Amino acid sequence: MKTVAFSPSPTKTQLEQEIDRLYQKFKSLNWTKEQCELIAPLTWKINRKKEELNAVILAHSYQMPQIIFGIADYVGDSYGLSRQAMDTQAETIVFCGVEFMAETAKILNPEKRVLIPSLEAGCSLAEGITPEDIRELREKYPNTPVACYVNTSAAVKAECDVCVTSANAVEIIKNWDSDRFIFVPDKHMMSNLGPLTGKEIVGWNAECIVHNQFTKEQVQQLRLDNEGIIILAHTECDPSVVLEADFVGSTGGMIKYVKSSHAEKFALITECGLAERLKVEISGKEIFGSCVLCPYMKKINLENTLQVLNSPQPEHEINVPPDIANRAKAALDKMFEMTTEGDK
Ligand code: SF4
């Protein structure tokens, strides 16, 4: 384990209290007290450092349980995290997610210092399209509005009319006064949005390396093996997978569905972390997750989070050039303007 400077250690009593706090959360994931003992000194130090710095930790639902339940102040999907980033009163935002999320936080709340613990926390979708690609699409499809998925760089957002997340893409595209839409960069989501919005959707061919792995055969087998199971799929899955599902939407939408449903068994066709989260938060329901991990999300850990709080290096601080930030913010503002908050 990396040695991190500048952190006082907890007293014996403080450590015992921290181990107990963690164990209450993690026992539903079959963690032992010994496993909690291993991470307790780190979670204690991070939580203390956060208070000292007036920092807030925002974490995506695909993060590891030790991040979600050990140190995060808010856990959510891209839409919820954007709202939290915009509204926080903290001086520093530590983003336990991937880079485009931290960039979005900086654009929405430029006065704050935004830190990301790992420089390797990218995203195959965000890396799959450039601003030049958007300009070419605009030439090819003149007078067609462009929606970019939030999983894009700030420079790509700056070229688009509106930004969308999996929580609001259907609502925004449906309500926009145009029969044809350009949606980038996810090829599966592009195909899924056609039937979901009733509009012609053209776009790009990038893919999420996690959701691209699920197949309709896996989903069919799950149903055969588990009578009465409800299957929820993320909008980034292949359309053949989506067709097999009982619900399609964002991770936030999936959580809401499971919490409010009277069914007892659920399968979450998305990154493995969401099922772990729900196993802790929901009792009395059987949750089947996938074992597909996002390698980018998992670059964030307790060690590099403490490191970035204790001694942030300039490269860990997110900055967006003002011209790009202003234009990207216009696309994000349009998203908030067109989203019905009560449903999110
Ligand atoms: S799960 Fe997919 S879309 Fe999300 S960060 Fe990982 S690669 Fe990107």
Side-chain angles (χ1 to χ4, degrees), residues 58-65 67-68 72 75-82 85 94-105 114 116-130 133 147-157 160 163-169 183-193 203-215 218 232-239 241-242 248-255 267-278 289-301 304-305 318 335:
L58 304 184
H60 192 271
S61 295
Y62 296 160
Q63 289 292 304
M64 292 183 282
I67 301 280
I68 292 182
V75 182
D77 59 11
S78 298
Y79 184 79
L81 291 167
S82 303
V94 177
F95 224 107
C96 291
V98 293
E99 193 184 348
F100 73 81
M101 297 174 179
E103 246 184 12
T104 304
V114 178
I116 187 154
S118 168
L119 302 179
E120 294 174 290
C123 168
S124 62
L125 283 176
E127 288 156 18
I129 192 159
T130 66
D133 296 329
C148 62
Y149 198 24
V150 69
N151 300 39
T152 46
S153 67
V156 165
K157 288 184 180 78
C160 298
C163 180
V164 299
T165 73
S166 44
N168 55 28
F183 171 82
V184 296
D186 186 355
K187 65 176 185 187
H188 292 323
M189 199 159 158
M190 174 187 77
S191 305
N192 291 325
L193 284 171
W204 203 242
N205 61 359
E207 63 195 23
C208 160
I209 55 168
V210 170
H211 292 94
N212 197 42
Q213 293 186 44
F214 302 117
T215 65
Q218 289 170 327
L232 299 91
H234 196 279
T235 339
E236 290 167 22
C237 292
D238 186 283
V241 171
V242 163
V248 55
S250 64
T251 54
M254 291 184 188
I255 293 171
L268 306 179
I269 312 300
T270 188
E271 211 263 2
C272 156
L274 187 67
E276 298 286 286
R277 177 182 166 191
L278 289 193
S290 74
C291 42
V292 185
L293 301 172
C294 173
Y296 302 106
M297 287 279 179
K298 267 53 182 186
K299 293 291 178 198
I300 308 286
N301 54 44
N304 56 26
T305 303
I318 301 287
M335 170 180 81

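Indexing begins at 1, ligand by ligand and atom by atom, following the structure's order. The shown structure was predicted, so the numbers you read here are calculated from the model rather than taken from an experiment.
The side chain to side chain contact (heavy atoms under 4.5 Å, CB included) check on V248 picks up L196, T235, V242, with sequence neighbours excluded. In this view, I68 and Q63, V75, R277 satisfy the side chain to side chain contact (heavy atoms under 4.5 Å, CB included) rule, not counting sequence neighbours. A search for side chain to side chain contact (heavy atoms under 4.5 Å, CB included) contacts involving Q218 returns F214, T215, not counting sequence neighbours.
Heavy-atom minimum distance, C272 versus S290: CB-O, 3.1 Å.
Less than 2.8 Å away from atom 8 (Fe) of ligand 1, the protein contributes these N/O/S atoms: C123 SG.
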Evaluate K299 against E99 for salt bridge (Lys or Arg N to Asp or Glu O under 4.0 Å), listing each step before the verdict. CA-CA 11 Å; K299 293 291 178 198; E99 193 184 348; over 6 Å; no
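Atoms of ligand 1 lying under 4.0 Å from at least one heavy atom of E236, given by number and element, are 3 (S).
Inspection of the T270 and Y62 side chains reveals an N or O donor paired with an N or O acceptor under 3.5 Å.
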